[in-house]
Amino acid sequence: MFEHLEPYAGDPIFRIGDMCRADTRPQKVDLTVGLYFDGQGRIPVLDSIHQAELKRAQQPETRQYLPMEGLPSYRSAVQKLLFGEDSAALNEGRIVTMQSVGGTGALRIGAELLHMASPNSEIWISDPGWDNHHSIFEGAGLKTHTYPYYDSVNGVLLFDSMKQTFKNIPEGSIVLLHPCCHNPTGADLDHAQWEEITDIIMARKLLPFLDIAYQGFSEGLEEDAFAVRLMASKNIPVLVANSFSKNFSFYAERCGGLSVVCQSTNEAERVLGQIKLLVRRIYSNPPLHGARVISDVLNEPELFSIWKNEVDGMRTRIRTIRQKAYDILQKQAPHFDSSFIIKQHGMFSYTGLSLAQIERLRTDYGVYLIDSGRISVPGLNEDNVAYFAESVSKVV
Ligand code: LMR
């Protein structure tokens, strides 16, 4: 049965993270996987989460199966966070949200739903993009393509080429977009550009699939939902995959959501039914713990305000360390244009370094970034930012 199976080449992101973990040099710098590290280089346990867990732990609670679509209080809290309490689509009962196994699980269930609804579906993904998007959609039977997004040599968004592509692809095509903190470039559309893209999507009858994994890391929890709310207000079908891995520092609990904005409540009911069927076929129903804790934080005003401050703190730290890295890089390597690091937002920056430079950084200095040249900025802190800049200055 298995003799002919190929060895697994490894994931392009996690593989390099593993390489870094195996490196025993004390000065190594981990800029690989999108993980938020605090100023001391630790993955924090948020106080909001800890308080919710302490409260829960005081009362033994049964572990009955959750419904296939997940915990109701979690699902409704996800909806408010993404679409806003005053969303017309939400208040009209046209948005279906399921609790998913992380953002990846949301993308995969969404992909399965699209394939089920239209087996010849094709999806366009940004170039560059998150490597796993291609695997997820291809795994569900969709054909994947790319649209131009970012020119890493000149450090600019390719907005005109992106628009041109959207104008030329077949009607009904699916387009994968990142509402904030684009992974891997950290370069986002501004509000006017989102309006323009939305108009093209509507005119060309494209279907937007929005992947929001870093809500709160660019401008703020509300601000970062701009594109989601804009598209949901247009009475067009929209899919949204969201993740709480980073903004709750809750990676291993795999908490996310898939939301589908439908045209009517009747359609919403049928979409929910098919989502339940997909879930039942794959894993029956989702796990309880993480969703219950996040639901407590999102639904209890006191915990919510603690969490909001924590997200604001993570965002501010990323901004500060970006500025610091830029200041030092400018001094250490004046010939190297490092302005990308302060122009880009959120978790990631796209350095434009070549593979040869990246490999030298790893081998000679223990500074680890993935092959595409993406750095996960929170890997930098006051203790290692100068060493990082000095190492970069040696290879550029
Ligand atoms: C990343 O891009 O590094 C993160 O989203 C983690 C992952 O699953 O790839």
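Values in this document were obtained by computation on a predicted structure and should not be read as measured data. As the structure lists them, so they are numbered: ligands from 1, and atoms in each ligand from 1.
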Check against salt bridge (Lys or Arg N to Asp or Glu O under 4.0 Å), K143 and E138
CA-CA 6 Å; K143 194 157 179 218; E138 281 162 15; over 6 Å; no
What do we get for Y251 next to ligand 1 when only non-hydrogen atoms under 4.0 Å count, side chain, backbone, both or neither?
neither
Select one of side chain, backbone, both or neither to describe which atoms of T104 lie under 4.0 Å from any atom of ligand 1, heavy atoms only.
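The answer is neither; T104 stays 4.0 Å or more away.
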Heavy-atom contacts with [X] under 4.0 Å: which atoms of ligand 1 show up? List them by number with element.
{"X": "W130", "value": "1 (C), 2 (O), 5 (O), 7 (C), 8 (O), 9 (O)"}
{"X": "Y214", "value": "4 (C), 5 (O)"}
{"X": "V33", "value": "3 (O), 6 (C)"}
{"X": "F14", "value": "7 (C), 8 (O)"}

Do R317 and Y36 have side-chain N/O donor and acceptor atoms under 3.5 Å apart?
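Side-chain D/A pair, R317 to Y36: present.
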Would you list the atom pairs, donor with acceptor, under 3.5 Å between side chains in residues 6-15 and any protein atom, with sequence neighbours excluded?
{"unit_1": "Y8", "atom_1": "OH", "unit_2": "D11", "atom_2": "N", "d": "3.2"}
{"unit_1": "D11", "atom_1": "OD2", "unit_2": "I13", "atom_2": "N", "d": "2.9"}
{"unit_1": "D11", "atom_1": "OD2", "unit_2": "F14", "atom_2": "N", "d": "2.9"}

Would G34 count as a polar contact of ligand 1, with the cut-off being nitrogen or oxygen pairs under 3.5 Å?
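Yes.
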Measure the acute angle between the ring planes of Y150 and Y350, then classify it against the limits of 30° and 60° as parallel, tilted or perpendicular.
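Geometry flag for Y350 against Y150: perpendicular rings.
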Not counting sequence neighbours, list each pair that qualifies as a side-chain hydrogen bond (donor to acceptor under 3.5 Å, both in side chains) and has a residue in residues 192-209.
K163-E196
M347, R374, K246: member with heavy atom nearest to atom 6 (C) of ligand 1
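Considering heavy atoms of M347, R374, K246, the nearest to atom 6 (C) of ligand 1 sits in K246.
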Verify the neighbour count for atom CZ of R56: are there more than 12 heavy atoms of other residues, nucleotides or ligands below 6.0 Å?
yes
